[in-house]
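All values below were derived from every heavy atom in this structure, side-chain atoms included, with hydrogens, water molecules and symmetry-related copies excluded. These numbers come from a predicted model, not from an experiment. Numbers here simply count residues along the sequence, with the first being 1.
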Amino acid sequence: MEPVTLTTDRLLLRTVGPDDTEAVYRAAQDPVTQRWISQFPSPYLREHAEAFTGQMVPDGWARDSMYTFGLFLPGEELTGMLGITMRALGVGEVGFWAVREHRGRGYVTEATLAAARWAFTNLSVDRLEWRAEVGNAASRAVAERAGFTVEGTLRSGVNNKGVRRDCWVASLLPSDLGLPSTAPYLPARG
């Protein structure tokens, strides 16, 4: 798929490329981001940012496997990143992080809602999952503000830099946003 651009009241969500390498590299130096994002090498080197913007992001779009958006203010200032990775037929997993200077302003929640609506209406996603290592309260707060339902804790559910850790898991369904699903949903009856 060709990359798409989404807009919200305050943000432009667009793919990142080589021109964004420096902004990604600078933002990724934050120790808090490196601590919680399991895919982030630590230390995060310029070559990691180059591979991310030059290969990983475009390859994900081309293969319809991962849809990555940079979250930008109208002046093109990077406020964070968000990706939807396809995990199974009709199931995507959202991941995100905020640039330190832009945390606490609701940008990532706003972007998560926009990306979820897009995934539900354009990718035939019927379930969007969010996972974060237990203790990442900021990420959990974003997911909950975006309407995700926390379903529980997966023991040894993530590998963060070679260490197995428990993680929270939550889901968002199209019906949570008032959207139709592409497949019927029959909830369990107790």
**OP:** Would you give the length of the straight line joining atom OG of Ser171 to atom CH2 of Trp130, rounded to the nearest 0.5 angstrom?
**Re:** 11.0 Å
Original post:
Does the side chain to side chain contact (heavy atoms under 4.5 Å, CB included) test come out yes or no for Met86 and Val125, once each step is laid out?
Top reply: CA-CA 9 Å; Met86 299 310 297; Val125 167; 3.7 Å; yes
**OP:** Using the test salt bridge (charged side-chain N to carboxylate O under 4.0 Å, His left out), find all partners of Arg140 that sit at least two apart in sequence or belong to another chain.
**Re:** Glu144
Original post:
What ring pair (Phe, Tyr, Trp, His ring centres under 6.0 Å) pairs are there with at least one residue in residues 49-70, not counting sequence neighbours?
Top reply: Trp61-Tyr67, Trp61-Phe69, Trp61-Trp118, Tyr67-Trp118, Phe69-Trp118
Subject >> same_hphob_cluster(Val142, Val169) at 4.5 Å side-chain heavy-atom cutoff >> reply: no
**OP:** Using the rule that two of Ile, Leu, Val, Met, Phe, Trp, Tyr join whenever any of their side-chain heavy atoms come within less than 4.5 Å, decide whether Leu13 and Val99 are in one cluster.
**Re:** yes
**OP:** Kindly say whether Asp126 contributes a backbone atom to a donor-acceptor pair with the side chain of Ser181 at under 3.5 angstrom?
**Re:** no
Subject >> Distance-minimising heavy-atom pair for Gln34 and Ser42 >> reply: OE1-OG, 2.6 Å
**OP:** Check the pair Phe120 / Leu128 against side chain to side chain contact (heavy atoms under 4.5 Å, CB included), numbers first and verdict last.
**Re:** CA-CA 8 Å; Phe120 291 144; Leu128 196 56; 4.0 Å; yes
Subject >> Polar side-chain atom of Asp166 near backbone of Ser156 as donor-acceptor pair, under 3.5 Å >> reply: yes
**OP:** Could you tell me the separation between the CG atom of Leu82 and the CG atom of Leu71, rounded to the nearest 0.5 Å?
**Re:** 6.0 Å
Original post:
Would you say Leu73 and His102 make side-chain contact, with heavy atoms under 4.5 Å?
Top reply: yes
**OP:** Considering non-hydrogen atoms only, spot the tightest contact between Arg10 and Glu110 and give its length.
**Re:** NE-OE1, 2.7 Å
Subject >> Between OG1 on residue Thr85 and CD on residue Glu129, distance to nearest 0.5 Å >> reply: 11.0 Å
Original post:
What pairs of residues pass the salt bridge (Lys or Arg N to Asp or Glu O under 4.0 Å) test when at least one of them lies in residues 24-41, not counting sequence neighbours?
Top reply: Glu22-Arg26, Asp30-Arg100, Asp30-Arg103, Arg35-Glu133
Original post:
What pair of heavy atoms forms the shortest contact from Leu186 to Arg189, and how long is it?
Top reply: CD1-NH2, 4.4 Å
Subject >> Residues that Thr68 engages under side-chain hydrogen bond (donor to acceptor under 3.5 Å, both in side chains), provided they are two or more places apart >> reply: none
Original post:
Can you pull the salt bridge (Lys or Arg N to Asp or Glu O under 4.0 Å) pairs that have at least one residue in residues 61-85, sequence neighbours excluded?
Top reply: Arg14-Glu76
Original post:
For the side chain of Asp59 and the backbone of Met56, is there at least one donor-acceptor N/O pair under 3.5 Å apart?
Top reply: no
Original post:
What's the shortest heavy-atom distance between Asn136 and Trp36, and which atoms?
Top reply: ND2-CB, 3.3 Å
Original post:
Tell me, do Leu11 and Tyr107 make a side-chain contact under 4.5 Å, heavy atoms counted?
Top reply: yes
Subject >> Gln29 side chain vs Tyr44 backbone, donor-acceptor pair below 3.5 Å >> reply: yes
Donor-acceptor pairs under 3.5 Å, side chain of residues 89-97 to any protein atom, not counting sequence neighbours: which ones?
{"residue": "Glu93", "atom": "OE1", "partner": "Arg87", "partner atom": "NE", "Å": "2.9"}
{"residue": "Glu93", "atom": "OE1", "partner": "Arg87", "partner atom": "NH2", "Å": "3.4"}

Original post:
What distance do Phe72 atom CZ and Met81 atom CE have between them, rounded to the nearest 0.5 Å?
Top reply: 7.0 Å
Original post:
What pair of heavy atoms forms the shortest contact from Gly17 to Thr53, and how long is it?
Top reply: O-CB, 3.3 Å
**OP:** For a side-chain contact (heavy atoms from CB on, under 4.5 Å) with Arg145, tell me which candidate from Leu113, Thr112, Thr109 qualifies.
**Re:** Thr109
**OP:** Please step through side chain to side chain contact (heavy atoms under 4.5 Å, CB included) for the pair Leu123 and Met1, ending with a clear verdict.
**Re:** CA-CA 10 Å; Leu123 297 179; Met1 166 183 289; 3.7 Å; yes
Original post:
When rounded to the nearest 0.5 angstrom, what is the spacing between SG in Cys167 and CZ in Arg131?
Top reply: 5.5 Å
Original post:
Hey, are Trp168 and Ser139 close enough side-chain-wise for a donor-acceptor pair under 3.5 Å?
Top reply: no
**OP:** State whether the number of non-hydrogen atoms from other residues, nucleotides or ligands found under 6.0 Å of Met66 atom CE is greater than 12.
**Re:** yes
**OP:** Indicate, with yes or no, if Phe148 and Val158 share a hydrophobic cluster defined by side-chain heavy-atom contacts under 4.5 Å among Ile, Leu, Val, Met, Phe, Trp and Tyr.
**Re:** no
**OP:** Mind listing the closest non-hydrogen atom pair of Pro180 and Pro174 along with its distance?
**Re:** O-CB, 3.5 Å
**OP:** Decide whether Val4 and Val16 are clustered together by the hydrophobic rule: side chain heavy atoms of Ile, Leu, Val, Met, Phe, Trp, Tyr closer than 4.5 Å, transitively.
**Re:** yes
